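Convention: sequence-line order gives letters A, B, ...; per-chain numbering from 1. This one's a predicted model, so the numbers in the text were calculated from it and none came from an experiment.
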Amino acid sequence: MSFAQRTHACGELRATHAGNQVILNGWAHRVRDLGGVCFVDLRDRTGIAQVVIDPVAHPTYGEIRSECSLSVVGTVRERSPETKNPNMTTGDIEIVVDQFSVLGPAKPLPFPVSDEEQMSNVNEELRVKHRYLDLRRPSMYRRLALRAAAVGKLRRYLDDRGFIEVETPIFTKSTPEGARDYLVPYRLDPGKFYALPQSPQQYKQLLMVAGIERYYQIAKCFRDEAQRSDRQPEFTQLDLEMSFVTQEDILSLIEGMTVSVINDLIEEFDLPKDKIEGFKRLTFDESMHLYGCDKPDLRFGLPLFDLTDAVKESAFGVFRSTAEAGGSIRGVRYPGGGHLSRKEVGQLEDFCKEFGAKGMASFSIGDELGAEAGSQADGTYVSTHGLHVRGSIVKFFPPHEMEAILDAAQAERGDLLCIVADVYAAANNVLYRLRHEIGRRTGLADKRKLAFCFVVDFPLVEWNPEANRWDSTHHPFTSPKTEDLQYIESDPGRIRADCYDVVCNGTEWASGSIRIHRPDIQERCFRLLGIDEETIKARFGHIIEAFEYGAPPHGGIAPGIDRMIMFLTDDENIREVIAFPKVGQGYDPMMDAPSAIDPMQWAEMGLRLSQ
RNA sequence: GGGGGUGUAGCUCAGUGGUUAGAGCGCCGGCCUGUCACGCCGGAGGUCGCGGGUUCAAGUCCCGUCAUCCUCGCCA
């Protein structure tokens, strides 16, 4: 089939093209039929241009419906001054139609593709079901283009530094550790299964043994876990690994790469983001102490404060008993929160309770300075700096404790001091979420900022009380710090690992480690994790053996591509940055997958349902 | 696995237990020569997610179920 092929793109036409005959191909974005004249906004991936049709000369113009594909032959004309549209990049011109042809007629659409505002409310599943229409929207095209540019820049950055991209298998081996695997039945030996990789972890380490030295891959990863707004059953990581390197080498590579690529993208796509600079660096312990979590939002300050010492002998029973039991009394400032009503403070407390807090105590600091320091007759307190403190528990604290509290909190006028008493980890878990909520509410979590940081020195293992054993914090191949190896039998919780995360705005973005390359150390770690000889052989025999043939010291990291795009677009749902995402529990409403298989296929695979 | 929200026209949403379930957009028809969210007039379009129950009467109340969104747990 032949048709008039484009000579120009819709978005490129300007007044300088006036007088040119052009051919445009695209879709009818909107049709405005005024009777004596008809305007069609013709859209292609570069933009939109207005086409003018004379109904008398072209009596079949009614065939042009919303979202049909079109070829238009016409002459570019500069619009008269009063009809120019300053809101369109092509608004100075229009194309007067000489000929047109509807290449693909379109039925009425399931949702208003040409109206971005209405589209923002359209049912998610419907959008995914007709994804090929949803993706016609310029905003969706832009996301895909941004993603492609990001991946391209990452590849180029690494190619320029001696990395080579290596593909690793999708059909691989189940290593039942971590998340649930997606399984693929093996026809030739019924009862055996491939697993889809949760990450190419073992392959990339084997590539290091193979002497590749610098590997990367834009890798699909598969994890059969409950879905979340920032998770999909299949997602993409920039997986990379290097040999003969230290943690420092990997961190500086990632930092340089991220700064370069992110800043390029901000500029190229004119994103409403501030350029980024070097990453802050925190140890795991510092991060927990200052921000209550290992993924702090560093767009703003408001570090947690600790009152345990200040109130351990307090007359307020909850604080005293928590401290006596070895717990922590910790809190966070809420600037401006001093104005909240009793009800609003109650809602904050409810917020805390959602995350397991037993309660939340608070002090409101007034805007005005009090004149005379000391406990007041009305049950409030005025500090030596004049801060006027209110709250139902103020009366429990004598002046020296109140001063210690205000000092530890670095309290300021207008603050609400939110305080949680619990075991250290539980108090932190509540307060980090409260801190992020405060950042969101106050606007301190500035949308223009991308605050990247490294969190380093994670503990190698953490105690799993349910299973009564030590579990890897990262994964079983993570190298303990040499100087901490001495604790492996005596005090495993004390061992720090050569393990690091990259965090951006309170979200984990990348995670990596220096790997164990010595079989003897790997064996000791397996033993610590309670993995017996037989299991080691069955699950990890290949990699242990590989390490016996001159494995180089090596390590790597894997940043999430989907999340990277989400940071840049401010999307809160990962579906927005994936061309063909799943909904709900991993369902693809467009393809109708997963779906039933033919009885023949069941038989061929040697499978049947147990019920 | 737990909690919460949503489900009514193609889309987005209204809809006190009570007549024939409505609106905006879209769609169809008509009118319209400067629109750019074109405008005006008219029309069609409904398994009120599904199943059960209470009631003289259920979109509305109750129970169950399914889907979807968010969330806690989970995600080496």
Side-chain angles (χ1 to χ4, degrees), chain A residues 29-42 48-56 62 65-67 77 79-88 90-91 94 96 106-130 133-134 175-181 198-199 201-202 221-233 235 350-351 353-356 429-430 433 458 460-462 464 466-467 470-478 497 499 508 511 513 525 529 531 539-540 558 560 572-573 575 582-585 587 589:
Chain A
H29 187 69
R30 263 195 203 107
V31 180
R32 291 178 297 280
D33 180 5
L34 274 62
V37 63
C38 180
F39 300 99
V40 175
D41 288 338
L42 188 66
I48 294 174
Q50 176 168 284
V51 166
V52 192
I53 304 174
D54 175 359
V56 177
R65 304 300 175 89
S66 248
E67 293 303 320
R77 175 170 78 189
R79 300 196 205 177
S80 65
E82 68 279 11
T83 62
K84 285 185 179 178
N85 184 345
N87 301 320
M88 289 173 77
T90 60
E94 60 195 357
V96 183
K107 295 198 294 186
L109 302 158
F111 45 70
V113 171
S114 67
D115 189 329
E116 291 281 3
E117 202 178 311
Q118 286 189 56
M119 282 307 296
S120 62
N121 294 322
V122 170
N123 183 278
E124 300 276 353
E125 188 185 6
L126 195 72
R127 284 178 53 205
V128 175
K129 180 168 183 177
H130 301 275
L133 294 176
D134 193 34
T175 54
E177 195 75 51
R180 214 172 282 117
D181 288 317
Q198 294 183 24
S199 77
Q201 184 60 36
Q202 294 191 41
C221 304
F222 306 87
R223 293 181 192 171
D224 184 4
E225 285 297 324
Q227 296 311 296
R228 279 297 169 73
S229 58
D230 60 352
R231 279 189 232 155
Q232 280 272 299
F235 60 98
D350 291 342
F351 176 89
K353 284 178 175 170
E354 275 177 58
F355 302 105
N429 181 48
V430 172
R433 292 169 196 266
F458 279 77
L460 181 72
V461 291
E462 52 200 349
N464 178 340
E466 282 129 53
W470 294 100
D471 282 347
S472 294
T473 304
H474 187 52
H475 60 55
F477 311 113
T478 303
C499 180
E508 180 190 319
S511 194
S513 62
C525 286
L529 297 169
I531 307 176
R539 284 188 203 165
F540 309 115
E572 279 172 15
N573 198 297
R575 282 189 300 269
K582 308 279 191 286
V583 300
Q585 310 303 307
Y587 179 61

Review point. Counting just side-chain N and O atoms, does N573(A) come under 4.0 Å of either OP1 or OP2 of C70(B)?
Key: yes
Review point. Taking the side chain of V122(A) as heavy atoms from C-beta outward, which of A37(B), G73(B), C11(B) is closest to it?
Key: C11(B)
**Study point:** Among C11(B), C74(B), C75(B), the one nearest L126(A) by side-chain distance
**Key:** C11(B)
Check your understanding: With rounding to whole Å, what would you report as the distance between U65(B) and C74(B) at their C1' atoms?
Key -> 25 Å
Practice item. For side-chain contact (heavy atoms from CB on, under 4.5 Å), just list the numbers for L133(A) and E67(A), CA-CA rounded to whole Å, side-chain angles, deciding distance to a tenth of an Å, and then say yes or no. Key: CA-CA 9 Å; L133(A) 294 176; E67(A) 293 303 320; 5.6 Å; no
Revision key, fill the gap. Out of U12(B), A67(B), C75(B), minimum distance to the side chain of N121(A) belongs to U12(B)
Review point. Where the side chain of R228(A) is defined as all heavy atoms beyond and including C-beta, which of C74(B), G34(B), G10(B) is the nearest nucleotide?
Key: C74(B)
Exercise for review: Could you check whether Q50(A) gets within reach of a base, just the sugar-phosphate, or nothing at all, counting any heavy atom under 4.0 Å?
Suggested key: base
Check your understanding: Within the pair S229(A) and U71(B), is there a side-chain N or O less than 4.0 Å away from OP1 or OP2?
Key -> yes
Review point. If you take atom types as modelled and just measure distance, does the side chain of R77(A) reach the base of G34(B) with a donor-acceptor pair under 3.5 Å?
Key: yes
Exercise for review: Indicate, yes or no, whether a donor-acceptor pair under 3.5 Å links the base of C72(B) to the side chain of R433(A).
Suggested key: no
Check your understanding: Can you find a side chain N or O atom of R79(A) that sits less than 4.0 Å from OP1 or OP2 on C36(B)?
Key -> no
Practice item. Check D230(A), V583(A), D134(A) against R575(A) for a side-chain contact (heavy atoms from CB on, under 4.5 Å) and give me the one that passes. Key: V583(A)
Review point. Given the P atoms of A58(B) and G18(B), what is the spacing between them in whole Å?
Key: 11 Å
Exercise for review: Scan E125(A), H130(A), R127(A) and name whichever one has a side-chain contact (heavy atoms from CB on, under 4.5 Å) with P589(A).
Suggested key: E125(A)
Study note, to complete from the structure: Between N85(A) and L109(A), whichever has its closest RNA chain B nucleotide further toward 5' is L109(A)
Check your understanding: What integer number of Å spans the C1' atoms of C38(B) and C61(B)?
Key -> 47 Å
Exercise for review: Confirm from the modelled atom types if E94(A) and G34(B) form a donor-acceptor pair under 3.5 Å, side chain to base only.
Suggested key: yes
Check your understanding: How far does CD of Q227(A) sit from NZ of K582(A), to the nearest 0.5 angstrom?
Key -> 10.0 Å
Review point. M119(A) near the nucleic acid: base, sugar-phosphate alone, or nothing, with a heavy-atom cut-off under 4.0 Å?
Key: nothing
Exercise for review: Please name the pair of heavy atoms, one in T478(A) and one in H475(A), separated by the smallest distance, quoted to 0.1 Å.
Suggested key: OG1-O, 2.9 Å
Point to revise | Pair of N/O donor and acceptor under 3.5 Å linking G26(B) base with R65(A) side chain | key: no
Practice item. From the options U35(B), U12(B), C25(B), select the nucleotide whose nearest atom is closest to the side chain of L34(A). Key: U35(B)
Check your understanding: Can you tell me how far P in A37(B) sits from the matching atom in G30(B), rounded to whole Å?
Key -> 25 Å
Revision key, fill the gap. Against the side chain of Q118(A), the closest entry in C69(B), C72(B), C25(B) is C25(B)
Check your understanding: Has the side chain of R32(A) got a donor or acceptor atom sitting under 3.5 Å from an opposite partner on the base of C32(B)?
Key -> no
Revision key, fill the gap. Testing U35(B), U71(B), U68(B) for proximity to the side chain of Y587(A), the answer is U68(B)
Point to revise | Minimum side-chain heavy-atom gap D181(A)-Q198(A) below 4.5 Å | key: yes
Exercise for review: Describe the nucleic acid contact of N123(A) in one word from base, sugar-phosphate, nothing, applying a heavy-atom distance below 4.0 Å.
Suggested key: sugar-phosphate
**Study point:** hbond_proxy R231(A) side chain to C75(B) base (donor-acceptor, 3.5 Å cutoff)
**Key:** yes
